[in-house]
Q: 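Pasting a structure here, questions to come.
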2 protein chains.
Amino acid sequence: MPKSVNTIIERFNEKNIRLTPQRICVYQFLLENRIHPTVDTVYTHLKKSNPSLSKTTIYNTIDALSSAGLIRTIIANEGEARLDAYTDFHGHFFCEKCGLVTDFCLDGCSFPDQIDGFEMKTIEVRATGTCPNCR
Amino acid sequence: MPKSVNTIIERFNEKNIRLTPQRICVYQFLLENRIHPTVDTVYTHLKKSNPSLSKTTIYNTIDALSSAGLIRTIIANEGEARLDAYTDFHGHFFCEKCGLVTDFCLDGCSFPDQIDGFEMKTIEVRATGTCPNCR
DNA sequence: GTTCCTGCAAAAGCTTTGCAGAAGA
DNA sequence: TCTTCTGCAAAGCTTTTGCAGGAAC
């Protein structure tokens, strides 16, 4: 069994998430493909090796994993959800031409860590423009 | 004629946008109600004084005004578009409980103004959490 | 007069819901 | 065994599209 699957099982157990093959596949795909895929991309890829897989299951899995804090969803400008299994602090760059989503580093940047009266949970930095390939 | 409508007419002329009553209403509503309304909110409000108004026209107007740079759309976490007629640099705080969207100041904060290889056009800072009323 | 806009209806696309059978613990 | 998940079909919502009539310029 590949090491990564053991890691996944550990994390699911830590978070008290029920282990199912579908959830493992989805999470593994996100960990190994750091491309901020759409729901449909995940579905299309995993459907190949698991023809009975349903899109509803992808959505259910997203709910479970993001409630547990293992993944997060970012909304692309088209209003379509994109998935990210890396929850460390980084920015997202959206290419307006090809739709590519790329991480970028936010080390050395500063942000308000508090706004008076508000309880801040997450902060996200999004940039749009044109990626190197499209220029 | 109120001063604000003259300002709107000037801006439309500057941007070479055709003047229609519907567009003026939408833009005026956004300037006077800094609440980051959804498309439906704008539609419902303006429909009262203009019963024949269509949602398609709201969408067409959003296209025209945002292409001209007069407004911008921000995607709430639910995937619904919200409108902002203030294009100066500020952050957006989304309350997870009531859905309120509030501006917050980004003075004194620092961001990457360039990412190598990428042509950056816009940058947006989004925070989520709980607003004062919901705490 | 020409161009562009409005508004209706229908379609498209992503996501959610209800539910019966199946699988995890 | 009990709880929870999967997957199908259908519904829900926001947004887009096609088009005829109408308004802006």
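FYI, side chains are in, hydrogens and waters are out, and symmetry mates aren't considered; it's all heavy atoms of this structure. Just so it is clear: chains get the letters A, B, ... in the order the sequence lines come, proteins before strands, and each one is counted from 1. Keep in mind that what you see is a predicted model, and the values were worked out from it rather than measured.
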Q: Of all of residues 46-70 of chain A, which get a heavy atom below 4.0 angstrom from DNA chain C, listed by number?
A: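 Going residue by residue through residues 46-70 of chain A, the ones with a heavy atom under 4.0 Å of DNA chain C turn out to be A/T56, A/Y59.
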Q: How about A/V125 and B/I123: do any of their side-chain heavy atoms sit closer than 4.5 Å?
A: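 Yes. Closest side-chain heavy atoms under 4.5 Å.
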Q: Which residues satisfy the ring pair (Phe, Tyr, Trp, His ring centres under 6.0 Å) test with B/F104, sequence neighbours excluded?
A: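 In terms of ring pair (Phe, Tyr, Trp, His ring centres under 6.0 Å), with neighbours along the sequence ignored, B/F104 is linked to no residue.
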Q: Which protein N or O atoms sit under 3.5 Å from an N or O of nucleotides 19-21 of chain D?
A:
none

Q: Need two values: the first and the last nucleotide of DNA chain C, 5' to 3', having an atom under 4.0 Å from any heavy-atom of chain A.
A: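 So the contact region on DNA chain C extends C/dC14 to C/dA25.
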Q: Would the A/Y59 and A/Y43 ring centres measure less than 6.0 Å apart?
A: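 Centroid distance A/Y59-A/Y43: not below 6.0 Å, so no.
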Q: Taking only residues two or more places apart in sequence or in another chain, which ones pass side chain to side chain donor-acceptor pair (under 3.5 Å) with A/N50?
A: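 If we apply the side chain to side chain donor-acceptor pair (under 3.5 Å) test to A/N50, skipping adjacent residues, the hits are A/S52.
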Q: Going from CZ on A/R23 to CZ on A/R18, what distance comes out if it is rounded to the nearest 0.5 angstrom?
A: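 Answer for the CZ-CZ pair, A/R23 versus A/R18, is 8.5 Å.
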Q: What pairs of donor and acceptor atoms, side-chain ones from residues 30-37 of chain A against any protein atom, are under 3.5 angstrom apart with sequence neighbours left out?
A:
from	atom 1	to	atom 2	distance (Å)
A/E32	OE2	A/Q28	NE2	3.4
A/N33	ND2	A/F29	O	2.9
A/R34	NE	A/D103	OD2	3.2
A/R34	NH2	A/D103	OD2	3.4
A/H36	ND1	A/V101	O	3.3
A/H36	NE2	A/D103	OD1	2.7

Q: Throw together a table of side-chain donor-acceptor distances under 3.5 angstrom for residues 127-135 of chain B, partners on residues two or more places apart or in other chains.
A:
from	atom 1	to	atom 2	distance (Å)
B/T128	OG1	A/T122	OG1	2.3
B/R135	NH1	A/G117	O	3.4

Q: According to the salt bridge (charged side-chain N to carboxylate O under 4.0 Å, His left out) rule, which pairs have a member within residues 90-102 of chain B, sequence neighbours left out?
A: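 Only A/K121-B/E96 qualify under salt bridge (charged side-chain N to carboxylate O under 4.0 Å, His left out).
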Q: Kindly assign one of parallel, tilted or perpendicular to the pair A/F12 and A/Y27, based on the angle between their ring planes and the thresholds 30° and 60°.
A: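 Because their plane-to-plane angle lies in the 30° to 60° range, the rings of A/F12 and A/Y27 count as tilted.
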Q: Side chain to side chain donor-acceptor pair (under 3.5 Å) with B/T41: which residues, sequence neighbours excluded?
A: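 With neighbours one apart ignored, the set is B/T38.
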Q: Run the side chain to side chain donor-acceptor pair (under 3.5 Å) test against A/T87 and tell me which residues pass, sequence neighbours left out.
A: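 Expected list: none.
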Q: Please list residues of residues 17-24 of chain B whose heavy atoms come under 4.0 Å from any atom in DNA chain C, ordered by number; otherwise none.
A: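 Per residue number, the list reads B/R18, B/T20, B/Q22, B/R23.
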Q: With sequence neighbours left out, which residue pairs that include part of residues 37-63 of chain A fulfil the salt bridge (charged side-chain N to carboxylate O under 4.0 Å, His left out) condition?
A: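 Only A/D40-A/K55 qualify under salt bridge (charged side-chain N to carboxylate O under 4.0 Å, His left out).
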Q: In whole angstrom, what separates A/E80's CD from D/dT16's P?
A: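 The answer, rounded to whole Å, is 13 Å.
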